[in-house]
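The figures that follow rest on heavy atoms only: side chains count, while hydrogens, waters and symmetry mates do not. Each ligand, and each atom within it, is numbered from 1 in the order the structure gives.
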Amino acid sequence: MSKTASPDPVPPPGRTAAPVAPQDAAALAGAVRRGDRRALARAITLIESTRADHRATADALLEALLPHTGNSVRIGISGVPGVGKSTFIEAFGLHVIGLGHKVAVLAVDPSSQRTGGSILGDKTRMVDLSREPDAFIRPSPAGATLGGVARRTREAMLICEAAGFDVIVVETVGVGQSETAVADMVDLFMLLLLPAGGDELQGIKKGIVELADLVVVNKADGDLATTARHTVADYRHALALLRHGEWRVPVLSCSAVQKAGIDTVWTTIGEHRALTEANGQRASRRAEQARAWLWSEIRETLLDRFRAHPAVRAELPALEAGVTEGAVIPTAAARALLSRFLGDGA
Ligand code: GDP
(Lines give C-alpha, C1' and ligand atoms only; values in the text may rest on other atoms or scores of the structure.)
Protein backbone atom coordinates (compact mmCIF):
# COMPACT_ATOMS: atom_id res chain seq x y z
CA MET A 1 0.00 0.00 0.00
CA SER A 2 2.91 2.35 0.59
CA LYS A 3 3.39 2.39 -3.16
CA THR A 4 0.06 4.06 -3.77
CA ALA A 5 0.22 7.73 -4.46
CA SER A 6 -2.64 8.52 -2.12
CA PRO A 7 -1.55 10.67 0.79
CA ASP A 8 -4.37 9.25 2.90
CA PRO A 9 -3.34 6.94 5.70
CA VAL A 10 -4.17 3.36 4.83
CA PRO A 11 -3.34 0.55 7.23
CA PRO A 12 -1.18 -2.32 6.00
CA PRO A 13 -3.24 -5.25 4.68
CA GLY A 14 -4.43 -7.65 7.34
CA ARG A 15 -4.32 -5.08 10.13
CA THR A 16 -7.55 -4.12 11.79
CA ALA A 17 -8.68 -0.58 12.38
CA ALA A 18 -7.44 1.66 15.12
CA PRO A 19 -9.86 1.14 17.99
CA VAL A 20 -12.68 3.63 18.28
CA ALA A 21 -14.92 3.50 21.34
CA PRO A 22 -18.66 3.45 20.58
CA GLN A 23 -19.14 6.87 22.18
CA ASP A 24 -16.55 8.20 19.74
CA ALA A 25 -18.76 7.35 16.76
CA ALA A 26 -20.62 10.65 17.10
CA ALA A 27 -17.36 12.63 17.30
CA LEU A 28 -15.96 10.77 14.30
CA ALA A 29 -19.17 11.38 12.35
CA GLY A 30 -18.89 15.09 13.13
CA ALA A 31 -15.30 15.21 11.93
CA VAL A 32 -16.21 13.35 8.73
CA ARG A 33 -19.02 15.83 8.09
CA ARG A 34 -16.59 18.73 8.50
CA GLY A 35 -14.45 17.23 5.76
CA ASP A 36 -11.55 16.19 8.00
CA ARG A 37 -9.54 13.84 5.76
CA ARG A 38 -7.91 11.90 8.58
CA ALA A 39 -11.33 11.30 10.09
CA LEU A 40 -12.60 10.15 6.69
CA ALA A 41 -9.72 7.68 6.34
CA ARG A 42 -10.23 6.48 9.92
CA ALA A 43 -13.96 6.04 9.36
CA ILE A 44 -13.34 3.87 6.31
CA THR A 45 -10.69 1.86 8.15
CA LEU A 46 -13.24 1.32 10.90
CA ILE A 47 -15.93 -0.05 8.59
CA GLU A 48 -13.34 -2.30 6.95
CA SER A 49 -12.46 -3.89 10.28
CA THR A 50 -13.75 -7.39 10.93
CA ARG A 51 -13.69 -7.09 14.74
CA ALA A 52 -17.11 -7.41 16.34
CA ASP A 53 -16.61 -4.43 18.68
CA HIS A 54 -15.47 -2.28 15.75
CA ARG A 55 -18.58 -3.36 13.87
CA ALA A 56 -20.84 -1.97 16.57
CA THR A 57 -19.05 1.39 16.40
CA ALA A 58 -19.12 1.30 12.61
CA ASP A 59 -22.88 0.76 12.67
CA ALA A 60 -23.31 3.72 15.03
CA LEU A 61 -21.12 5.84 12.76
CA LEU A 62 -23.09 4.90 9.64
CA GLU A 63 -26.37 5.59 11.38
CA ALA A 64 -25.16 9.05 12.36
CA LEU A 65 -24.03 9.75 8.80
CA LEU A 66 -26.99 8.26 6.94
CA PRO A 67 -29.09 11.47 6.83
CA HIS A 68 -26.19 13.15 5.01
CA THR A 69 -25.75 10.52 2.30
CA GLY A 70 -27.19 10.03 -1.17
CA ASN A 71 -26.26 13.42 -2.63
CA SER A 72 -23.77 12.25 -5.20
CA VAL A 73 -23.52 10.91 -8.70
CA ARG A 74 -22.46 7.29 -8.23
CA ILE A 75 -20.50 6.08 -11.23
CA GLY A 76 -19.14 2.57 -11.78
CA ILE A 77 -16.22 2.17 -14.18
CA SER A 78 -14.99 -1.12 -15.53
CA GLY A 79 -12.73 -2.36 -18.28
CA VAL A 80 -10.05 -4.94 -18.87
CA PRO A 81 -6.56 -4.30 -17.46
CA GLY A 82 -4.71 -1.90 -19.75
CA VAL A 83 -7.81 -0.24 -21.21
CA GLY A 84 -6.81 2.95 -19.39
CA LYS A 85 -9.04 3.03 -16.31
CA SER A 86 -6.63 4.84 -14.04
CA THR A 87 -5.59 7.24 -16.81
CA PHE A 88 -9.25 7.94 -17.56
CA ILE A 89 -10.31 8.33 -13.93
CA GLU A 90 -7.47 10.74 -13.33
CA ALA A 91 -8.40 12.90 -16.34
CA PHE A 92 -12.09 12.64 -15.52
CA GLY A 93 -11.54 13.42 -11.84
CA LEU A 94 -9.44 16.50 -12.62
CA HIS A 95 -12.06 17.66 -15.13
CA VAL A 96 -14.97 17.48 -12.70
CA ILE A 97 -12.89 19.00 -9.87
CA GLY A 98 -12.25 21.88 -12.28
CA LEU A 99 -16.03 22.28 -12.50
CA GLY A 100 -16.23 22.60 -8.72
CA HIS A 101 -17.02 19.03 -7.69
CA LYS A 102 -15.38 16.77 -5.11
CA VAL A 103 -14.42 13.30 -6.30
CA ALA A 104 -13.95 10.08 -4.35
CA VAL A 105 -12.48 7.05 -6.09
CA LEU A 106 -13.13 3.64 -4.52
CA ALA A 107 -12.12 0.27 -5.89
CA VAL A 108 -13.67 -3.19 -5.86
CA ASP A 109 -11.04 -5.82 -6.47
CA PRO A 110 -11.66 -9.17 -4.81
CA SER A 111 -8.51 -10.56 -6.44
CA SER A 112 -6.40 -8.61 -3.96
CA GLN A 113 -7.00 -11.26 -1.32
CA ARG A 114 -6.25 -14.26 -3.47
CA THR A 115 -3.15 -12.99 -5.21
CA GLY A 116 -1.81 -11.08 -2.23
CA GLY A 117 -1.54 -8.05 -4.47
CA SER A 118 -4.29 -5.95 -5.88
CA ILE A 119 -4.52 -5.22 -9.58
CA LEU A 120 -6.11 -1.88 -8.83
CA GLY A 121 -4.49 -0.73 -5.63
CA ASP A 122 -0.81 -1.48 -5.58
CA LYS A 123 0.78 0.35 -8.42
CA THR A 124 1.31 4.04 -8.46
CA ARG A 125 -1.82 5.34 -10.03
CA MET A 126 -3.53 8.67 -10.42
CA VAL A 127 -0.63 10.65 -9.00
CA ASP A 128 -1.96 14.06 -10.04
CA LEU A 129 -5.49 13.35 -8.86
CA SER A 130 -4.29 12.10 -5.50
CA ARG A 131 -2.59 15.46 -4.88
CA GLU A 132 -5.89 17.32 -5.24
CA PRO A 133 -7.51 18.43 -1.98
CA ASP A 134 -10.91 17.76 -3.57
CA ALA A 135 -10.07 14.15 -4.43
CA PHE A 136 -10.02 11.11 -2.19
CA ILE A 137 -8.66 7.80 -3.48
CA ARG A 138 -9.06 4.55 -1.60
CA PRO A 139 -7.72 1.19 -2.79
CA SER A 140 -9.86 -1.92 -2.66
CA PRO A 141 -10.44 -3.30 0.83
CA ALA A 142 -9.05 -6.77 1.41
CA GLY A 143 -11.73 -9.39 1.73
CA ALA A 144 -12.17 -13.10 1.39
CA THR A 145 -15.34 -12.79 -0.66
CA LEU A 146 -16.67 -10.43 -3.30
CA GLY A 147 -19.70 -9.94 -1.05
CA GLY A 148 -17.44 -8.77 1.77
CA VAL A 149 -15.50 -6.38 -0.45
CA ALA A 150 -18.69 -4.99 -2.01
CA ARG A 151 -20.32 -4.46 1.39
CA ARG A 152 -17.41 -2.35 2.60
CA THR A 153 -17.28 -0.37 -0.62
CA ARG A 154 -20.99 0.49 -0.32
CA GLU A 155 -20.41 1.73 3.19
CA ALA A 156 -17.30 3.67 2.16
CA MET A 157 -19.41 5.32 -0.54
CA LEU A 158 -21.91 6.54 2.06
CA ILE A 159 -19.11 7.90 4.26
CA CYS A 160 -17.60 9.78 1.31
CA GLU A 161 -21.00 11.27 0.49
CA ALA A 162 -21.42 12.42 4.08
CA ALA A 163 -17.96 14.02 3.83
CA GLY A 164 -19.21 16.13 0.92
CA PHE A 165 -17.94 14.19 -2.09
CA ASP A 166 -20.58 14.63 -4.77
CA VAL A 167 -19.00 12.46 -7.47
CA ILE A 168 -18.19 8.90 -6.44
CA VAL A 169 -16.31 6.66 -8.85
CA VAL A 170 -16.28 2.96 -8.08
CA GLU A 171 -13.66 1.27 -10.19
CA THR A 172 -13.47 -2.43 -10.89
CA VAL A 173 -11.31 -4.60 -13.05
CA GLY A 174 -13.21 -6.21 -15.90
CA VAL A 175 -12.27 -9.81 -15.40
CA GLY A 176 -14.98 -11.42 -13.31
CA GLN A 177 -18.12 -11.16 -11.24
CA SER A 178 -17.22 -7.85 -9.64
CA GLU A 179 -18.86 -5.85 -12.47
CA THR A 180 -22.29 -7.03 -11.41
CA ALA A 181 -21.57 -6.11 -7.80
CA VAL A 182 -20.46 -2.63 -8.87
CA ALA A 183 -23.38 -2.12 -11.29
CA ASP A 184 -25.58 -2.96 -8.29
CA MET A 185 -24.24 -0.09 -6.20
CA VAL A 186 -24.09 2.81 -8.66
CA ASP A 187 -26.45 5.07 -10.62
CA LEU A 188 -24.56 4.64 -13.85
CA PHE A 189 -22.27 1.82 -14.94
CA MET A 190 -19.72 2.75 -17.55
CA LEU A 191 -17.67 0.33 -19.60
CA LEU A 192 -14.35 1.40 -21.07
CA LEU A 193 -13.35 -0.35 -24.28
CA LEU A 194 -10.22 -0.59 -26.36
CA PRO A 195 -10.16 0.37 -30.03
CA ALA A 196 -10.41 -3.23 -31.23
CA GLY A 197 -12.83 -5.91 -32.34
CA GLY A 198 -15.83 -7.38 -30.51
CA ASP A 199 -16.29 -8.36 -26.87
CA GLU A 200 -14.43 -11.64 -27.07
CA LEU A 201 -11.42 -10.14 -28.80
CA GLN A 202 -11.31 -7.57 -26.03
CA GLY A 203 -11.53 -10.19 -23.31
CA ILE A 204 -14.88 -8.92 -22.05
CA LYS A 205 -17.01 -11.49 -20.26
CA LYS A 206 -20.38 -12.34 -21.73
CA GLY A 207 -23.19 -10.20 -20.40
CA ILE A 208 -20.96 -7.39 -19.09
CA VAL A 209 -21.67 -5.06 -22.02
CA GLU A 210 -25.40 -5.38 -21.33
CA LEU A 211 -24.82 -4.03 -17.81
CA ALA A 212 -23.45 -0.78 -19.21
CA ASP A 213 -25.41 2.47 -19.14
CA LEU A 214 -22.59 4.12 -21.04
CA VAL A 215 -19.90 2.69 -23.32
CA VAL A 216 -16.71 4.66 -23.99
CA VAL A 217 -13.96 3.66 -26.40
CA ASN A 218 -10.70 4.96 -24.96
CA LYS A 219 -7.37 5.59 -26.76
CA ALA A 220 -9.07 7.34 -29.68
CA ASP A 221 -5.82 9.06 -30.60
CA GLY A 222 -2.81 8.75 -32.93
CA ASP A 223 -2.61 5.47 -34.83
CA LEU A 224 -5.60 4.12 -32.95
CA ALA A 225 -8.00 6.93 -33.92
CA THR A 226 -9.36 5.18 -37.02
CA THR A 227 -9.79 1.84 -35.27
CA ALA A 228 -11.55 3.67 -32.42
CA ARG A 229 -14.03 5.18 -34.88
CA HIS A 230 -14.79 1.72 -36.26
CA THR A 231 -15.19 0.32 -32.76
CA VAL A 232 -17.64 3.08 -31.87
CA ALA A 233 -19.64 2.37 -35.04
CA ASP A 234 -19.65 -1.38 -34.36
CA TYR A 235 -20.86 -0.98 -30.78
CA ARG A 236 -23.45 1.63 -31.75
CA HIS A 237 -24.81 -0.90 -34.19
CA ALA A 238 -24.65 -3.79 -31.72
CA LEU A 239 -26.23 -1.79 -28.89
CA ALA A 240 -28.82 0.04 -30.98
CA LEU A 241 -31.65 -1.75 -29.20
CA LEU A 242 -30.13 -1.72 -25.71
CA ARG A 243 -32.23 0.45 -23.40
CA HIS A 244 -32.29 0.76 -19.66
CA GLY A 245 -35.75 2.13 -19.04
CA GLU A 246 -36.04 5.20 -21.25
CA TRP A 247 -32.25 5.52 -21.47
CA ARG A 248 -30.62 4.53 -24.75
CA VAL A 249 -27.05 3.40 -24.08
CA PRO A 250 -24.67 5.86 -25.80
CA VAL A 251 -21.34 4.82 -27.29
CA LEU A 252 -18.70 7.56 -27.07
CA SER A 253 -14.96 7.80 -27.60
CA CYS A 254 -12.22 9.61 -25.75
CA SER A 255 -8.50 9.87 -25.29
CA ALA A 256 -7.64 9.77 -21.62
CA VAL A 257 -3.98 10.68 -22.23
CA GLN A 258 -4.88 13.65 -24.43
CA LYS A 259 -7.80 14.52 -22.14
CA ALA A 260 -10.07 14.67 -25.20
CA GLY A 261 -13.74 13.72 -25.04
CA ILE A 262 -13.78 13.66 -21.23
CA ASP A 263 -16.15 16.64 -21.14
CA THR A 264 -18.66 14.81 -23.34
CA VAL A 265 -18.56 11.80 -21.01
CA TRP A 266 -19.35 14.09 -18.07
CA THR A 267 -22.15 15.85 -19.99
CA THR A 268 -23.65 12.49 -20.92
CA ILE A 269 -23.55 11.38 -17.29
CA GLY A 270 -25.43 14.60 -16.49
CA GLU A 271 -28.06 13.77 -19.12
CA HIS A 272 -28.49 10.31 -17.63
CA ARG A 273 -28.91 11.82 -14.21
CA ALA A 274 -31.46 14.41 -15.39
CA LEU A 275 -33.54 11.77 -17.18
CA THR A 276 -33.47 9.17 -14.40
CA GLU A 277 -34.20 11.74 -11.71
CA ALA A 278 -37.14 13.09 -13.69
CA ASN A 279 -38.67 9.70 -14.48
CA GLY A 280 -38.05 8.13 -11.07
CA GLN A 281 -35.65 5.51 -12.42
CA ARG A 282 -32.77 6.61 -10.19
CA ALA A 283 -34.87 6.48 -7.05
CA SER A 284 -36.28 3.05 -7.88
CA ARG A 285 -32.82 1.74 -8.79
CA ARG A 286 -31.44 2.94 -5.46
CA ALA A 287 -34.41 1.46 -3.60
CA GLU A 288 -33.88 -1.88 -5.31
CA GLN A 289 -30.15 -1.72 -4.54
CA ALA A 290 -30.93 -1.08 -0.87
CA ARG A 291 -33.18 -4.11 -0.77
CA ALA A 292 -30.53 -6.28 -2.45
CA TRP A 293 -27.92 -4.93 -0.01
CA LEU A 294 -30.13 -5.96 2.92
CA TRP A 295 -30.27 -9.52 1.64
CA SER A 296 -26.59 -9.75 0.85
CA GLU A 297 -25.89 -8.40 4.35
CA ILE A 298 -28.07 -11.13 5.82
CA ARG A 299 -26.29 -13.76 3.71
CA GLU A 300 -22.79 -12.51 4.53
CA THR A 301 -23.48 -12.16 8.23
CA LEU A 302 -25.07 -15.60 8.49
CA LEU A 303 -22.12 -17.15 6.66
CA ASP A 304 -19.62 -15.36 8.90
CA ARG A 305 -21.42 -16.56 12.03
CA PHE A 306 -21.74 -20.05 10.60
CA ARG A 307 -18.03 -20.32 9.83
CA ALA A 308 -17.14 -18.96 13.27
CA HIS A 309 -19.42 -21.37 15.18
CA PRO A 310 -17.25 -23.71 17.34
CA ALA A 311 -19.08 -26.94 16.47
CA VAL A 312 -19.09 -26.06 12.79
CA ARG A 313 -15.38 -25.27 12.89
CA ALA A 314 -14.70 -28.57 14.61
CA GLU A 315 -16.65 -30.72 12.17
CA LEU A 316 -16.31 -28.80 8.90
CA PRO A 317 -12.86 -30.09 7.82
CA ALA A 318 -13.83 -33.77 8.12
CA LEU A 319 -17.19 -33.28 6.46
CA GLU A 320 -15.66 -31.20 3.68
CA ALA A 321 -13.06 -33.91 3.09
CA GLY A 322 -15.82 -36.52 3.09
CA VAL A 323 -17.74 -34.56 0.47
CA THR A 324 -14.77 -34.01 -1.81
CA GLU A 325 -13.85 -37.70 -1.59
CA GLY A 326 -17.39 -38.65 -2.50
CA ALA A 327 -17.96 -40.45 0.79
CA VAL A 328 -20.57 -38.03 2.12
CA ILE A 329 -23.49 -36.51 0.25
CA PRO A 330 -23.23 -32.68 0.28
CA THR A 331 -26.87 -32.24 1.30
CA ALA A 332 -26.38 -34.52 4.33
CA ALA A 333 -23.15 -32.74 5.31
CA ALA A 334 -24.84 -29.35 4.99
CA ARG A 335 -27.79 -30.51 7.09
CA ALA A 336 -25.51 -31.91 9.79
CA LEU A 337 -23.50 -28.65 9.98
CA LEU A 338 -26.60 -26.45 9.91
CA SER A 339 -28.23 -28.42 12.70
CA ARG A 340 -25.07 -27.94 14.78
CA PHE A 341 -25.16 -24.24 14.01
CA LEU A 342 -28.87 -23.83 14.75
CA GLY A 343 -28.76 -26.21 17.69
CA ASP A 344 -32.07 -27.69 16.61
CA GLY A 345 -30.96 -31.32 16.46
CA ALA A 346 -32.57 -31.59 13.00
P1 GDP B 1 -5.78 0.29 -16.44
O2 GDP B 1 -5.02 -0.98 -16.24
O3 GDP B 1 -7.10 0.04 -17.09
O4 GDP B 1 -5.89 1.15 -15.22
O5 GDP B 1 -4.97 1.14 -17.54
P6 GDP B 1 -3.91 2.33 -17.36
O7 GDP B 1 -4.63 3.61 -17.08
O8 GDP B 1 -2.84 1.91 -16.42
O9 GDP B 1 -3.36 2.45 -18.86
C10 GDP B 1 -2.72 1.37 -19.51
C11 GDP B 1 -1.80 1.91 -20.59
O12 GDP B 1 -2.59 2.54 -21.60
C13 GDP B 1 -0.84 2.96 -20.09
O14 GDP B 1 0.40 2.78 -20.73
C15 GDP B 1 -1.47 4.26 -20.52
O16 GDP B 1 -0.54 5.28 -20.73
C17 GDP B 1 -2.16 3.86 -21.81
N18 GDP B 1 -3.31 4.72 -22.09
C19 GDP B 1 -4.32 5.03 -21.22
N20 GDP B 1 -5.19 5.86 -21.81
C21 GDP B 1 -4.75 6.07 -23.08
C22 GDP B 1 -5.23 6.85 -24.19
O23 GDP B 1 -6.25 7.54 -24.14
N24 GDP B 1 -4.51 6.76 -25.35
C25 GDP B 1 -3.37 6.03 -25.47
N26 GDP B 1 -2.75 6.01 -26.62
N27 GDP B 1 -2.90 5.30 -24.42
C28 GDP B 1 -3.56 5.32 -23.25
Side-chain angles (χ1 to χ4, degrees), residues 1 3-6 75-97 103-112 114-115 117-132 135-140 149 153 167-179 181-183 186 188-197 199 201-205 208-209 211-212 214-232 235 250-266 268-269:
M1 296 293 170
K3 275 182 282 166
T4 58
S6 168
I75 305 162
I77 296 186
S78 182
V80 296
V83 70
K85 288 182 295 302
S86 54
T87 313
F88 175 86
I89 292 169
E90 175 152 82
F92 178 81
L94 293 170
H95 176 72
V96 299
I97 285 172
V103 181
V105 181
L106 308 170
V108 169
D109 178 10
S111 66
S112 56
R114 250 178 297 131
T115 59
S118 143
I119 302 177
L120 296 176
D122 282 357
K123 53 185 172 164
T124 303
R125 309 170 87 234
M126 305 179 220
V127 179
D128 291 341
L129 186 61
S130 68
R131 288 202 192 103
E132 285 289 326
F136 179 81
I137 301 175
R138 185 80 175 188
S140 184
V149 172
T153 306
V167 178
I168 314 273
V169 173
V170 184
E171 177 189 12
T172 191
V173 63
V175 292
Q177 281 296 310
S178 52
E179 289 88 349
V182 170
V186 295
L188 175 138
F189 184 71
M190 175 179 146
L191 184 64
L192 275 184
L193 295 177
L194 289 165
D199 308 352
L201 283 174
Q202 299 214 22
I204 301 162
K205 288 262 156 53
I208 298 301
V209 177
L211 288 177
L214 174 59
V215 170
V216 179
V217 178
N218 188 33
K219 309 198 184 185
D221 51 48
D223 294 346
L224 293 168
T226 310
T227 318
R229 264 199 304 279
H230 290 309
T231 310
V232 169
Y235 275 88
V251 181
L252 306 173
S253 65
C254 76
S255 167
V257 280
Q258 295 185 355
K259 298 185 167 37
I262 307 290
D263 48 349
T264 310
V265 173
W266 176 243
T268 306
I269 291 171

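By the 3.5 Å distance cut-off applied to N or O atoms, F88 is not counted among the residues near ligand 1.
Residue contact check: P81 has heavy atoms under 4.0 Å from atoms 2 (O) of ligand 1. The contact set between ligand 1 and V257, taken as ligand atoms under 4.0 Å from a residue heavy atom, comprises 21 (C), 22 (C), 23 (O), 24 (N), 25 (C), 28 (C). Listed by number with element, the atoms of ligand 1 under 4.0 Å from a non-hydrogen atom of D221 are 22 (C), 23 (O), 24 (N), 25 (C), 26 (N). Under a 4.0 Å criterion applied to the non-hydrogen atoms of A256, ligand 1 contributes the atoms 20 (N), 22 (C), 23 (O). Residue-ligand proximity, S86 to ligand 1, at heavy-atom distances under 4.0 Å covers atoms 4 (O), 6 (P), 7 (O), 8 (O). Taking every non-hydrogen atom of V80 and a distance limit under 4.0 Å, the qualifying atoms of ligand 1 come out as 3 (O). Which parts of ligand 1 touch V83 is read off a 4.0 Å heavy-atom cut-off, strictly below it: atoms 3 (O).
When all heavy atoms of L191 and A212 are compared, the pair lying nearest together is CB-CB, 4.0 Å. Summarising the geometry of I97 relative to A135, their closest heavy-atom pair is CD1-CB, 3.8 Å, with the distance given to 0.1 Å. Counting all heavy atoms, side chain and backbone alike, V83 lies closest to K219 at O-CE, 3.5 Å. The two residues V108 and T153 have their closest heavy-atom pair at CG2-OG1, 3.5 Å. In terms of heavy atoms, L252 sits closest to V265 at CD1-CA, 4.0 Å. Across every non-hydrogen atom of E90 and L129, the tightest pair is OE2-N, 2.9 Å.
For T227 (side chain) and A196 (main-chain N/O), no donor-acceptor pair under 3.5 Å exists by modelled atom type.
Under 4.0 Å from ligand 1, heavy atoms of T87 appear from its side chain as well as its backbone. When heavy-atom distances to ligand 1 are checked against a 4.0 Å cut-off, L192 has no atom that comes that close, whether in backbone or side chain.
Ligand 1 lies out of reach of G222, whose nearest heavy atom is not under 4.0 Å from it.
Residues forming a salt bridge (Lys or Arg N to Asp or Glu O under 4.0 Å) with D128 (at least two apart in sequence, or on another chain): R131.
Scanning E90, K219, M126 for the heavy atom closest to atom 21 (C) of ligand 1 points to K219.
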